[in-house]
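Accompanying notes for the structure given below.
Each ligand, and each atom within it, is numbered from 1 in the order the structure gives.
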Amino acid sequence: MIAEKHAVPHISTGDILREAVREGSELGRKAEPIMKSGGLVPDDLMIGIIRERLAKPDARTGFVLDGFPRTVPQAEKLDALLTEGNGKDKPHVVSLLVPDEVIVRRIAARRSCPSCGAVYHLESAPPKVANVCDICGSALIARPDDTEDAVRKRLDAFHRQTMPVAEFYRAKGWLRDIDGLGTIDEVFERIDETLGR
Ligand code: AMP
């Protein structure tokens, strides 16, 4: 919603990796077992993906990064890429605060489109026709890493490896903590409001 409103690309490293898995590329073959178990794909691979993606012409006037950076080395490398490249403005960094038990409930009801990547929630954002993607008509699935075990491991990776990224940006004065509870529209408004500052 943010990317659409500001007419910039939505760059999700998870989507890029899922696409690589679907294509069966070398990257996909390396990433698939790590993703399935809920671990993090190595930093060097992730940084290569982002470097390549940010070099595309559509990213010249801005972008929304979703799922990156997830570790402090990724954040440091992103900083270097932004300083080298066109992104001279300092980035807006938003941290959505949601208790783990709410995240687990949201993920349990999440359904995704394996073809176009659209995301649904069985109660708060259901598809118009049960189990069918509104956008491309494919059958919806639960992500292979939305199992209880993988979700626990992803939350653990988040607390250990990604929370230090928030502190990295807080130290620079760039971080905005945002209450992630409430409806999709409410959270969207809260994020969007901070972007004007
Ligand atoms: P997501 O769609 O953002 O939930 O990402 C799904 C999975 O892809 C994660 O659980 C990781 O295994 C992998 N992944 C996505 N982004 C990154 C990243 N920046 N660093 C490491 N692994 C990532």
*Looking at Val72 and Phe168, what are the two nearest heavy atoms and their distance?*
CG1-CD1, 4.2 Å

*List, ordered by chain and residue number, the protein residues whose closest non-hydrogen atom lies under 4.0 Å from any atom of ligand 1.*
Thr13, Gly14, Leu17, Arg18, Met35, Gly39, Leu40, Val41, Met46, Gly67, Phe68, Arg70, Gln74, Arg143, Asp145, Arg154

*asked:* Could you report the tightest heavy-atom contact between Arg106 and Gly182, atom names first, then the distance?
replied: NH2-O, 4.1 Å

Enumerate donor-acceptor pairs with a distance under 3.5 Å from any side-chain N or O in residues 38-45 to protein atoms, sequence neighbours excluded.
{"unit_1": "Asp43", "atom_1": "OD1", "unit_2": "Thr71", "atom_2": "OG1", "d": "3.0"}
{"unit_1": "Asp43", "atom_1": "OD1", "unit_2": "Gln74", "atom_2": "NE2", "d": "3.0"}
{"unit_1": "Asp43", "atom_1": "OD2", "unit_2": "Thr71", "atom_2": "OG1", "d": "3.4"}

_Arg53 vs Asp58, salt bridge (Lys or Arg N to Asp or Glu O under 4.0 Å): CA-CA, chis, key distance, verdict_ = CA-CA 9 Å; Arg53 182 62 188 88; Asp58 66 341; 2.8 Å; yes

*asked:* Quick check on Arg160: does its CZ atom have over 12 non-hydrogen neighbours (other residues, nucleotides or ligands) under 6.0 Å away?
replied: no

*Backbone N or O of Val93 within a donor-acceptor pair of the Arg176 side chain at under 3.5 Å?*
no

